[in-house]
Amino acid sequence: MADAEFLAVLTTTDSEEAAQVLAASAVAGRLAACGQVDGPIRSVYQWQEKVETDTEWRVLLKSTAARYDELEALIKSLHSYDTPEIIATPITAGSNEYLAWLRTETAG
C-alpha cells in the first residue's frame with residue numbers, strides 16, 4: 001500500500017443514516033472524492049466468541065494515500081462500533097481523468 005497513491009476505503013455501518021453521514025463527512029472534509037453507500041447487506045461474523053448476523057450498509061470511499069490517516073480517524077470518530085471495519089485497497093489503475101479528479105478533490 002505504501003506505493004499506491006489512490007485507495008478505495010471500505011467500511012460498514014449499522015444504519016443507512018450512519019452510512020450517509022460517513023460518506024458526506026468524508027467528502028465535505030475532502031478526505032474522499034466520492035462515497036458510495038449500498039445496502040442493506042447481511043454480514044455474518046465472529047464477535048466475542050459468538051457468530052453474529054446483522055444488517056449493515058457498506059460505504060466505499062475513494063481517496064488518496066496522503067489522506068488515509070485523516071480518513072481513518074474520521075471514520076473511527078463517527079462510527080458506533082467498538083472495532084469498525086476499515087479496509088484500504090490500493091487502486092492500481094484507472095482512467096487518467098478520474099484519477100486526476102480524485103487527486104484534485106482530495107487536495108488538502
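In this chain, numbering begins with 1 at the start of the sequence shown. Treat the numbers as computed from the prediction; the structure is a model and nothing was measured.
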Can you list every side-chain hydrogen bond (donor to acceptor under 3.5 Å, both in side chains) pair that touches residues 93-108, not counting sequence neighbours? E5-R103
Which side-chain hydrogen bond (donor to acceptor under 3.5 Å, both in side chains) pairs, counting each pair once, include a residue from residues 21-32, with sequence neighbours left out? none
Residue pairs involving residues 6-16 (criterion salt bridge (charged side-chain N to carboxylate O under 4.0 Å, His left out); sequence neighbours excluded): none
Run the side-chain donor-acceptor check on residues 44-51: report pairs under 3.5 Å with partners two or more places apart or on a different chain.
residue, atom, partner, partner atom, Å
Y45, OH, D54, OD2, 2.3
Q46, OE1, K50, N, 3.3

Pairwise side-chain contact, V9 with I75, heavy-atom cut-off 4.5 Å (strictly under): yes
Quick one: which residue pairs count as a salt bridge (charged side-chain N to carboxylate O under 4.0 Å, His left out) with a foot in residues 59-69, not counting sequence neighbours? R67-E70
Hits for side chain to side chain donor-acceptor pair (under 3.5 Å) against S15, two or more places apart or cross-chain, chain-then-number order -> none
Applying side chain to side chain donor-acceptor pair (under 3.5 Å), can you list everything that pairs with Q20, at least two apart in sequence or on another chain? none
Residues two or more places apart in sequence or in another chain: which of them pass salt bridge (charged side-chain N to carboxylate O under 4.0 Å, His left out) with E72? K76
Do any N or O atoms from the side chain of S63 and from the backbone of Y68 form a donor-acceptor pair under 3.5 angstrom? no
Can you tell if the side chain of R42 reaches within under 4.5 Å of the side chain of T55, non-hydrogen atoms only? yes
Results of salt bridge (charged side-chain N to carboxylate O under 4.0 Å, His left out) for E85 - residues two or more places apart only: none
Is there any ring pair (Phe, Tyr, Trp, His ring centres under 6.0 Å) pair reaching into residues 9-30, and which pairs are they, with sequence neighbours excluded? none
Non-hydrogen atoms of G35 and L61 that approach each other most closely: CA-CD2, 3.7 Å
